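Accompanying notes for the structure given below.
Predicted, not measured: the structure shown is a model, and the values here were computed from it. What's counted below: heavy atoms across the whole structure, side chains too, no hydrogens, waters or symmetry copies.
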Amino acid sequence: FGPDGAWYINGVKPDGSGGHCWWGNTEAAEKNIKFLTSSPHPVQTSFGTCTYGNKTFAIIQGSNGHSLSGNLHEELKTRLTQIHNKNKKIDFIRLFNNGKFFVSDDEGTLFILGNEYLTAAVDEDEVKELAVAGDGRWVVIHENKYVSSVGVDEELK
């Protein structure tokens, strides 16, 4: 799910067959998601906004294939292209509001998060997952612990 309502869901039957995906409220739909999900390789998506508020997307196919909106941060586009060209793996990418992002790959991590406490939590240990809400609250999941901002629902802790 993205900050402006973009979404992507992929599902399969319990036996692993019958895979299908659905998406909505994204400019990536027809030309990118539909094409990339037609292959047998798994697909990851992330949605955000750029500094001007326009929607952004990153779609990762397999270990390093990708399709990106043109308005992503230049450092991020360069990093993903380099990883692809070196035939290395992209673990995951997360896009957020105002051009902020986090990417984990075979060469480590690259991020622009715009929040000193979130940045410190990311720098602590290897990040397994990261989420930032539209209101700025966040959760970082590491191997054996998590760190969250003030205001995260107690049921998540």
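Every residue was checked against the side chain to side chain donor-acceptor pair (under 3.5 Å) condition with N144, not counting sequence neighbours, and none meets it. Under the side chain to side chain donor-acceptor pair (under 3.5 Å) criterion, H84 pairs with N64, sequence neighbours left out. In this structure E129 satisfies the side chain to side chain donor-acceptor pair (under 3.5 Å) test together with R94, sequence neighbours excluded. Residues satisfying the salt bridge (Lys or Arg N to Asp or Glu O under 4.0 Å) test with K128, not counting sequence neighbours, are E126, E143. In this view, S46 satisfies the side chain to side chain donor-acceptor pair (under 3.5 Å) rule with no residue, not counting sequence neighbours.
Side-chain atoms of L68 and L76, non-hydrogen and from C-beta on, never get closer than 4.5 Å to each other. At a threshold of 4.5 Å between non-hydrogen side-chain atoms, the residues V127 and T109 do not count as touching. Contact of the Q82 side chain with the K88 side chain is not registered, since no non-hydrogen atoms from C-beta on lie closer than 4.5 Å. Inter-residue side-chain proximity for T81 and H66 is flagged as met; some heavy-atom pair is nearer than 4.5 Å. Contact of the H73 side chain with the K100 side chain is not registered, since no non-hydrogen atoms from C-beta on lie closer than 4.5 Å. Residues I90 and L80 form a side-chain contact, since some pair of their non-hydrogen atoms from C-beta on lies under 4.5 Å apart. Between T49 and N54, the closest side-chain pair of non-hydrogen atoms is not below 4.5 Å.
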From CA spacing to verdict: side-chain contact (heavy atoms from CB on, under 4.5 Å), F47, K55:
CA-CA 7 Å; F47 305 102; K55 293 179 182 182; over 6 Å; no

List the steps and the verdict of side-chain contact (heavy atoms from CB on, under 4.5 Å) for L118 and V132.
CA-CA 9 Å; L118 175 55; V132 179; 3.8 Å; yes

Test side-chain contact (heavy atoms from CB on, under 4.5 Å) on R79 and E107; report intermediate values, then the result.
CA-CA 10 Å; R79 173 70 168 247; E107 293 192 351; 3.9 Å; yes

Would V147 and E124 count as a side-chain contact (heavy atoms from CB on, under 4.5 Å) here? Give the steps.
CA-CA 10 Å; V147 183; E124 266 182 41; 3.8 Å; yes

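Rounding to the nearest 0.5 Å places CZ of F57 at 5.0 Å from OG of S69. Taking CG of D123 as the reference point, atom CD of E116 lies at 12.0 Å (rounded to 0.5 Å). Put simply, OG1 on T56 and CG on N98 are 10.0 Å apart, with the number rounded to the nearest 0.5 Å. Of the inter-residue distances, the one linking F96 atom CZ with L113 atom CG reads 6.5 Å to the nearest 0.5 angstrom. If you take CG on D91 and CD1 on I83, they are separated by 9.0 Å, rounding to the nearest 0.5 Å.
At distances below 3.5 Å, not a single donor-acceptor pair connects side-chain atoms of N71 with backbone N or O atoms of C50. Remark: the backbone N or O of S149 is not paired with any side-chain donor or acceptor of R137 at under 3.5 angstrom.
For the pairing with F101, the side chain to side chain contact (heavy atoms under 4.5 Å, CB included) check across I93, I112, L72 returns one residue only, I112.
Of all non-hydrogen atoms in L95 and A58, the two that sit nearest each other are CD1-N, 3.6 Å.
Applying the ring-ring contact (aromatic ring centres under 6.0 Å, His included) definition to pairs two or more places apart or across chains, those involving residues 106-142 are F102-F111.
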